[in-house]
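This report concerns only the one structure given below.
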Amino acid sequence: MKPRPAASRALTMPRSAIREIMALAAGRENVIHMEIGEPDFSTPDHIITGALEAAQRGFTKYTPNPGMASLREAIAAHVSARTGTKIGAQRVVITTGAVGGLFCALMSVTDAGDEVLIPDPGWPNYESITHLAGAKPVQFELLSDAGFVPDFDTIEAMVTERTKAIMMNTPSNPTGAVLPAGIMERLADFAKRHGIYVISDEIYEDIIFEGEHVSAARFGLDDRLFLVSGASKTYAMTGWRLGYVICPEDLAPVAAALIEPVASCASSISQKAYEIALAGPQDCVAEFREIYRRRRDILLDILGNTGLLPVVPAGAFYALVDITDRHAAQGSLAFAKRLLQEKNVAVVPGITFGPSCDRYVRVAFTTGDDALLEGLTVLRDFIHRP
Ligand code: PLP
């Protein structure tokens, strides 16, 4: 007898179109990479050295499910100071990357058939995690004319009896939008009125060029907020897989328990590294930010007056570029493939980020200035003279 079928939940999980581009790019030489969503810097030396020393001293065992007590304290103090709130360490759960925090949050509050409001454009993992939880992703569109800021009148109309949570992301991947205080306040008001949870993904909180990062934690959402962030983008620590989620107090043990069957705990050495990162000098954070800002300005120099930039990115290290000028019928995946095959430039097809986004490709400024300048110039010319 043949083996019975594999799990339909796994087989039907939405996959991001970026994989196709990455696979194609991997098989080529001298590609200009504008598709990669991670810092191109190494983790600062003092963090690596401190973690290495800890490992040499034998700090290589499991930690409790929600993480080391001292790191939970440090994160609670860090977030409290930033947001002007009082967050207790018992609300902090340390996870395998921010993505682990998103997973714990969604698995803590959704049952099969529940609905989760997610942004379109938005990071594709929101949809896949919701799917794995057995819940239904309901996408709300962020309009470029509004600067990719959510419109709560539209979102109101999407709420049903089954709506459990809304996901928000500021600064945003892929739009680069930074949500202002007024919008975060409306988000809080919306969640309070409807009795739903807010899952606020703030992983790019330290990469801001204009305005300020406004955390959802500032708006009295303690009983319904899952605030997700971590080490990856701020300290160029993507490979260490270290994030956290700050939970409503009663749900922190629930979220922590969810880690047991999946990972037991986040890597102990990475936890130590993040503790060192938070306690140590912060110049590296400012240095990285200034490099991204300089690259963002290169983007503005090349695309600013072309009408191809729907909004100027104010944070994170991404921008959407409008390809409709010449490529409306083609779609963003076909466009990205052609750009790679014909010009050796890799970008992410917008369709990865939601159905509204097929008229765009996403570029990441996580590549050196010269390559970025060349890649953006090639992209601009390719849109105008395919
Ligand atoms: N959230 C967003 C919006 C991201 O873009 C990413 C990574 O690209 C993550 C979360 C995941 O971060 P981590 O690497 O810490 O899991």
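Counting starts at 1 for both ligands and their atoms, in listed order. Side-chain atoms are counted along with the backbone in the values below, which use heavy atoms only and exclude waters and symmetry mates.
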For ligand 1, does T238 get within less than 4.0 Å through its side chain, its backbone, both, or neither, judged by non-hydrogen atoms?
neither
Just need the protein heavy atom nearest to [atom], so name the residue and atom and give the distance.
atom                    : result
atom 12 (O) of ligand 1 : A98 CB, 3.6 Å
atom 6 (C) of ligand 1  : W123 CZ2, 3.3 Å
atom 7 (C) of ligand 1  : K233 NZ, 2.9 Å
atom 1 (N) of ligand 1  : D201 OD2, 2.5 Å
atom 14 (O) of ligand 1 : R241 NH1, 2.9 Å

Salt-bridge test for [X] and [Y]: reply yes if a basic N is under 4.0 Å from a carboxylate O, no otherwise.
X    : Y    : result
R193 : E156 : yes
K164 : E115 : no
D301 : R295 : no

Check each atom of ligand 1 against the heavy atoms of [X] and keep those under 4.0 Å away; list them by number with element.
X    : answer
S232 : 13 (P), 14 (O), 15 (O)
G97  : 15 (O), 16 (O)
Y126 : 3 (C)
Y204 : 2 (C), 3 (C), 4 (C), 5 (O), 8 (O)
V99  : 16 (O)

Heavy-atom closest pair, residues I208 and G211
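Where I208 meets G211 most closely, the heavy atoms are CG2-O, 3.4 Å.
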Note: D120 and F353 closest approach over all heavy atoms is OD1-O, 3.6 Å
Counting neighbours of CD on E210 that are heavy atoms of other residues, nucleotides or ligands and sit closer than 6.0 Å, is the number greater than 12?
yes
Look at the side chain of R296 and the backbone N and O of F209, then say whether any donor-acceptor pair between them is shorter than 3.5 Å.
no
For the backbone of P355 and the side chain of D358, can you confirm whether one donor and one acceptor N or O come within less than 3.5 Å of each other?
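It does not hold such a pair.
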